[in-house]
Amino acid sequence: MIGELSPGLVLVLGAIVVPLVRGHVRAVLMLALPVVAFWQLIALPMGQLGAVRAFDLTLVTLRVDRLSLLFGYVFLIATALCVVYSLHVRDTLQHVAGLIYAGGALGAVFAGDLVSLFICWEIIAIASVFLIWAARTDRSFGAGMRYLIMHVGSGLLLLAGILLHYRHTGSLAFGALDIKSPGGVLILLAFGIKCAFPMLHGWLKDAYPESTVTGTVFLSAFTTKVAVYALARAFAGTEILIPIGAAMTAFPIFYAVIENDLRRVLAYSLNNQLGFMVVGIGIGTELAVNGAVAHAFADILFKGLLFMSMGAVLYRVGTVKGSELGGLYKSMPLTTGFCMVGAASISAFPLFSGFVTKSMVMTAAMEQGHFWVWLILLFASAGVFHHAGIKIPYFAFFAHDSGKRCEEAPRHMLLAMAVSAALCIAIGTFPDLFYKLLPFKTGYRPYSLDHVVAQAQLLFWSALAFTLLMRTGIYPPELKSTNLDVDWLYRSVGRRLVDAFYAFGDQAWTGLARGTTAMASWLAGYANRHHGQDGIFGRSWPTGTMAFWTTVMLGAYLILAYI
Amino acid sequence: MTTPGTGKMTQADHEQPHSKPEGERDYWLDKPSNVDRLVKRFYAVCAVLLAIDFLVPKHSPFRIEHYWGFYGIFGFIACVALVLIAKELRRVLMRSEDYYDR
């Protein structure tokens, strides 16, 4: 153990050394960093550590308990997998940004006070935007800018909320917060932006698919899961989160069905999975919170795996548009297999990870009598199988043969996918081992006969719907298109408003300039009439004019003298 | 609109013909009869799953869950509704690919 050093700081300090070395040395260093950080993590004792005094405040940089440890483990596993997956990348920018980003996320998870949380919140926002810009396209630049504005906005809301909260309570501890207290709403909104609440979600589907092959895998793991952690820490049992989460599970799946860019489909499905977690946190019972954080853990792995498989397709074929793919199972059989493991996990097939995590949230909703919420979650469960479980593998690897032939994904990508897939299956097959890591002991058992049969029915009959719609030609084909979402408000309407404002300013300026010119030319004309060549004062020499005015003055003086 | 005998989706078939490179070996899934056989087995599994629903004891507090085949029927209806609604949404939401780039 290296003192009371945050595992996040190990990654950040390592990221500073990374640009100084090259080639294999750099690869070894980057692989070693998550391992060292993990070693540091498991050596830390439980409790509040790493106290730092700043001015007259005491900051707790390391709060180690079961909740923060769970996220710590999965963030470091994800970091290691991302590093392995991106071993082919020769871009220092991405290496440094990726490690600092992961370090910031770890720092946020272990932050024991709100100021440390805020600092890490900003590190996450700024480091991650470079992963989007790393694609170095016009689209990624624009999407990155919009992403940055949203996340800096989230940081400002958080800061304002913290200040209000501090003035009201005199405490900076990062624990349960009351939504009714001053600052509480602002902090919830800040978390909500990062967690992609409905109407605040535009950045997610906008920016993630524009990043690089490897950048998107990094991005999918950390930002939103930090928000889920923060919500679970501060707002467990806040009822407003239940309808918010339910809406998040339902509406993105409609977009996912008609979206053509398969990485954007995954972004929508990420949004949908976050909904299950938010509902769990809103319900707030031990089982529900366990379900929410367990599902976050599982989602990092299976969503990462799905993004990796689509990244491999993008890397080999150059596109992930459903309209241009198909038949790739012939060229990339292993990637196809791994993608299907990810698909089975997100769809919650028995023996795969989603089955043992998502069901805790569903059961908690049932136990608390939230009938309509439960029904919406069930609809979303069928829907997620439809768009992520079937659509992603089907349109990329099967469907009609696009005639595209390519090499199998590179070995390091296959390794990262294989380990992710193995973890998905391990969690789903041996849930008791995994449940030991969760914050609460609930005695929940996922494998009962009625649960397995019910889930199998739900999934198989959803697949039946897909098959029938496909074979009858009713299923909407993949089309090259853009679908309008909430980001339309600022990318189109907002932009037009700004344009109109500028046009108005332009016109006002032109008018002002024209008016001034007119006045000036009138003045000049007036002066010219009297003082110009033919003007009454212009005809004589300047001495003549002077003599005239002297006469006038003397005359006036004479008159005044007599009054 | 199913192309007779192929058992594959049709709309894309008409637009983009299969373009398997010359001389490549036939994969098992390339044969339409194999796909048909696979699909038939899949239908059978679906039917069996619904049929055995009688035998499963239910524990849910919600009455709806105790109806025979609730999960299967709900999943089927949910997915058909999802696809049909999403398809209609295209009329409102769909723009050209370069919509934001112009």
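Each chain gets a letter, A, B and so on, in the order its sequence line appears, and its residues count up from 1. Computation of the quantities below employed the complete heavy-atom set of this structure, encompassing side-chain atoms and omitting hydrogens, waters and symmetry-equivalent molecules.
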*Largest heavy-atom contact set with chain B, pairs under 4.5 Å, which of A:Phe385, A:Trp488, A:Phe466*: A:Trp488
_chain B contact via A:Lys321 - which portion, at a heavy-atom distance below 4.5 Å_ = side chain
*Salt bridge check: are A:Arg139 and B:Asp98 linked by an N-O gap of less than 4.0 Å?*
no
*Count the heavy-atom pairs under 4.5 Å between each of A:Gly327, A:Ser492, A:Ala463, A:Gly383 and chain B, then report the option with the highest count.*
A:Ala463
_Below 4.5 Å, heavy-atom pairs only: which of B:Leu55, B:Ile77, B:Asp101, B:Val45 has the largest tally toward chain A?_
B:Asp101
*Contact winner vs chain A - B:Tyr100, B:Phe70, B:Phe74, B:Phe42, heavy-atom pairs under 4.5 Å*: B:Tyr100
*Got more than 12 heavy atoms from elsewhere within 6.0 Å of CZ, A:Arg445?*
no
*Distance from A:Gln455 atom CD to B:Leu49 atom CG, nearest 0.5 Å?*
11.5 Å
*asked:* Looking only at heavy atoms and a cut-off of under 4.5 Å, which of A:Phe371, A:Phe460, A:Trp461 has the most pairs with chain B?
replied: A:Trp461
_A:Asp138 atom CG, over 12 foreign heavy atoms within 6.0 Å_ = no
*Taking every heavy-atom pair that is under 4.5 Å apart, which of A:Leu459, A:Asp450, A:Asp487 has the most such pairs with chain B?*
A:Asp450
*Tell me, do B:Leu82 and A:Phe379 make a side-chain contact under 4.5 Å, heavy atoms counted?*
yes
*For chain A, find which of B:Ala81, B:Ser96, B:Pro61, B:Gly72 contributes the most heavy-atom pairs closer than 4.5 angstrom.*
B:Gly72
_With a 4.5 Å cut-off on side-chain heavy atoms, are B:Leu29 and A:Lys330 touching?_
no
*Counting only heavy atoms closer than 4.5 Å, note whether A:Asp261 contacts chain B via side chain, backbone, both or neither.*
neither
*Checking A:Tyr329 against chain B: side chain, backbone, both or neither under 4.5 Å from a heavy atom?*
side chain
*Could you tell me which portion of A:Ile258 (side chain, backbone, both or neither) has an atom closer than 4.5 angstrom to a non-hydrogen atom of chain B?*
both
*Which atoms of A:Ala250 approach chain B - backbone, side chain, both or neither, heavy atom under 4.5 Å*: neither
*Pairwise distance CG(A:Asn483) to CG(B:Leu89) - rounded to 0.5 angstrom*: 9.0 Å
*Heavy-atom distance under 4.5 Å to chain B: side chain of A:Trp374, backbone, both or neither?*
side chain
_Top of A:Leu458, A:Thr467, A:Val257 for chain B proximity - count of heavy-atom pairs under 4.5 angstrom_ = A:Leu458
*What option among A:Leu449, A:Leu375, A:Leu378, A:Val453 has the most heavy-atom pairs under 4.5 Å with chain B?*
A:Leu378
*Tell me, side chain or backbone of A:Tyr255 under 4.5 Å from chain B's heavy atoms, or both, or neither?*
side chain
*side-chain contact (heavy atoms from CB on, under 4.5 Å) with A:Pro476: which of B:Glu88, B:Arg90, B:Met94?*
B:Arg90
_Worked check of side-chain contact (heavy atoms from CB on, under 4.5 Å) between A:Arg471 and B:Val35_ = CA-CA 11 Å; A:Arg471 291 179 77 109; B:Val35 175; 4.3 Å; yes
_chain A contact via B:Phe62 - which portion, at a heavy-atom distance below 4.5 Å_ = side chain
*Residue pairs passing the side chain to side chain donor-acceptor pair (under 3.5 Å) test where at least one lies in residues 39-55 of chain B, sequence neighbours excluded*: A:Gln457-B:Asp53, B:Asp53-B:Lys58
_Interface residue of largest heavy-atom contact number with chain A, from B:Cys46, B:Ala78, B:Gly69, B:Gly75, under 4.5 Å_ = B:Cys46
*Once you round to the nearest 0.5 Å, how far does CD of B:Glu97 lie from OG of A:Ser323?*
7.0 Å
